[in-house]
Amino acid sequence: MSNEVRVRFAPSPTGVLHIGGVRTALYNYLFAKKHGGKFILRIEDTDQSRFVEGAEKYIKDSLAWCGIEIDEGTDQGGDYAPYKQSERKNLYAKYAQQMIDEGTAYYAFDTAEELDEMRETLKAAKANSLNYNSITRNTMKNSLTLPAEEVQKRLDSGEPYVIRIKVPAKEDIRLNDMIRGWVNVHTSTMDDKVLMKSDGMPTYHLANVVDDYLMKITHVIRGEEWLPSAPLHVLLYRYLGWGKDMPKFAHLPLLLKPDGNGKLSKRDAAKNGFPIFPMEWKVTEEDASLKGFKEEGYLSQAFVNFLALLGWNPGTENEIFSLNELVEAFTIERISKAGAKFDIDKAIWFNQQYIRKMQPSDLATLLSNQTKAASISCDDSKALAIAELLQERIDFIPDLLSKGQYFFSAPTEYVDKVIRKKWKGEAKAVFSTFVGKIAHQKLKAEDFQTTLEQSAAENDTKVGMVMQILRVAITGEAGGPDLMKIMEVLGTNEVTDRIKKATNAFDQATNNE
Ligand code: GLU
């Protein structure tokens, strides 16, 4: 085997790709790039009954959004094509046959009823295992118990059958996981898993191992939920004579609920209103409300950075890493064994950090997209000015429009508390002087400031006394970015209109006409 690192992300297109799946893809990608290797996308679609239309595209779109580039895959091609298991269907049978011939697998003819019956009997006998295994297989209808001629007759007659692996009765299967260290599993706890189904399709186990071998995969990095299957895979490598080419395994820690109690689920996301999917998924009715990080206004770089640190740490205080920096810093040794708690506040924090790091002009482009979509007119220079003013104040991209509402339309509601406290005679007088002075001029923020100072002085008061109520008049809100700059963006005509409108509204609210 060459020394090139080759890893694969091998999702099944059975529905929406959970954030844990994206993390698996990301860690595979980081590991491959760190070692100058290849990242392969293999679509594992042998279970036709669970196939969901649109899922494969969703997987690819999600990876693309994250900036995870695929070296070999269904769209990219590669030396080991095809990369979709349903297109490799004809390839697996011969390995199952090889195992049959060598006595490490066998035909089983049991019907669904017979299998149920076996489980019932075992249950009644309070047996530890309810499975088809090295003990129960001796009581069932398979090529180990039936005479050879009868097996042949059944095969020739087209009777449905499956092929099962013959797990040795008493043995320790050992594997050295890169994250967990040595894992020992006694074969008495393993069952004779089906390798080929009665529809002629391989099961996940056979197809996965055969493909990892044929595609020269060097490291299998996948979720902890696959750890129980790993000993079976080790056995398959051995039975197929590929033991010395077996990839190294790394089973990633689970993603946990925010309180750390149990696996993060769709229900947690729905209950807490946070996204756990990279992008929106609207394929089935039931999933209609599943939110995506993308649509919720997360930047993909922030999402990727957040995800990378869910289960891995760089060993330094630094938390902000671009994708390239993650590639540099990533090591499997720093992946933790313990589950990683999902913390949406941390995701929001990352998003804030990335928004702050953006070029204001890029943020302005995103704002322009939003205004266009909402049919709001906003020229480029206005978008840039707003982006600069809100950059430090927003958590998400859509906040540009929602928090910057007052840049596009005069407020219709005002913060009541401020009006009651601050709408005094002198404020009204300052408003009126100010409006008189600014009329029909093109003013900069500094000019608004000086004019306001003059207007306050002429009415024997200080700017500080009227600043907040003026903000409420212009924006409807009690706080926000530099008011002078807001007025510069709005222009004197709009500012004048808003002050006049607010004066009336404040008078009415306080009956102070
Ligand atoms: N097809 C499996 C999945 O859906 C792949 C598991 C593995 O990486 O071996 O996650």
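As the structure lists them, so they are numbered: ligands from 1, and atoms in each ligand from 1.
- Identified under the ring-ring contact (aromatic ring centres under 6.0 Å, His included) test for residues 126-185, with sequence neighbours left out: Y107-Y161.
- Judged by the 6.0 Å and 45° rule, K34 forms no cation-pi pair with F31.
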Which atom pairs, one a donor and one an acceptor, fall under 3.5 Å between side chains of residues 191-203 and the rest of the protein, sequence neighbours left out?
from: D191; atom 1: OD1; to: K193; atom 2: NZ; distance (Å): 3.1
from: D191; atom 1: OD2; to: K193; atom 2: NZ; distance (Å): 3.2
from: D192; atom 1: OD1; to: R137; atom 2: NH1; distance (Å): 3.2
from: D192; atom 1: OD1; to: V167; atom 2: N; distance (Å): 3.1
from: D192; atom 1: OD2; to: Y106; atom 2: OH; distance (Å): 2.6
from: D192; atom 1: OD2; to: R137; atom 2: NH1; distance (Å): 2.8
from: K197; atom 1: NZ; to: T46; atom 2: O; distance (Å): 3.3
from: D199; atom 1: OD1; to: M201; atom 2: N; distance (Å): 2.9
from: T203; atom 1: OG1; to: V194; atom 2: O; distance (Å): 2.8
from: T203; atom 1: OG1; to: L195; atom 2: O; distance (Å): 3.3

Polar pairs, ligand 1 vs protein, N/O only, below 3.5 Å.
from: ligand 1; atom 1: 1 (N); to: A10; atom 2: O; distance (Å): 2.8
from: ligand 1; atom 1: 1 (N); to: S12; atom 2: OG; distance (Å): 3.1
from: ligand 1; atom 1: 1 (N); to: E44; atom 2: OE1; distance (Å): 2.6
from: ligand 1; atom 1: 4 (O); to: S12; atom 2: N; distance (Å): 3.4
from: ligand 1; atom 1: 4 (O); to: S12; atom 2: OG; distance (Å): 3.2
from: ligand 1; atom 1: 8 (O); to: R8; atom 2: NH1; distance (Å): 2.7
from: ligand 1; atom 1: 8 (O); to: R8; atom 2: NH2; distance (Å): 3.4
from: ligand 1; atom 1: 9 (O); to: R8; atom 2: NH2; distance (Å): 2.9
from: ligand 1; atom 1: 9 (O); to: Y204; atom 2: OH; distance (Å): 2.8
from: ligand 1; atom 1: 9 (O); to: N208; atom 2: ND2; distance (Å): 3.0
from: ligand 1; atom 1: 9 (O); to: R222; atom 2: NH1; distance (Å): 2.8
from: ligand 1; atom 1: 10 (O); to: W226; atom 2: NE1; distance (Å): 3.4

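- Distance check: D211 CG to Y83 OH gives 10.5 Å after rounding to the nearest 0.5 Å.
- Taking the six-membered ring where the residue is Trp, the centroids of F303 and W65 are separated by under 6.0 Å.
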Side-chain polar contacts of residues 255-264 - donor-acceptor pairs under 3.5 angstrom, sequence neighbours left out - could you list them?
from: K257; atom 1: NZ; to: K263; atom 2: O; distance (Å): 3.3
from: K257; atom 1: NZ; to: D268; atom 2: OD1; distance (Å): 3.1
from: K257; atom 1: NZ; to: D268; atom 2: OD2; distance (Å): 3.1
from: D259; atom 1: OD1; to: N261; atom 2: N; distance (Å): 2.8

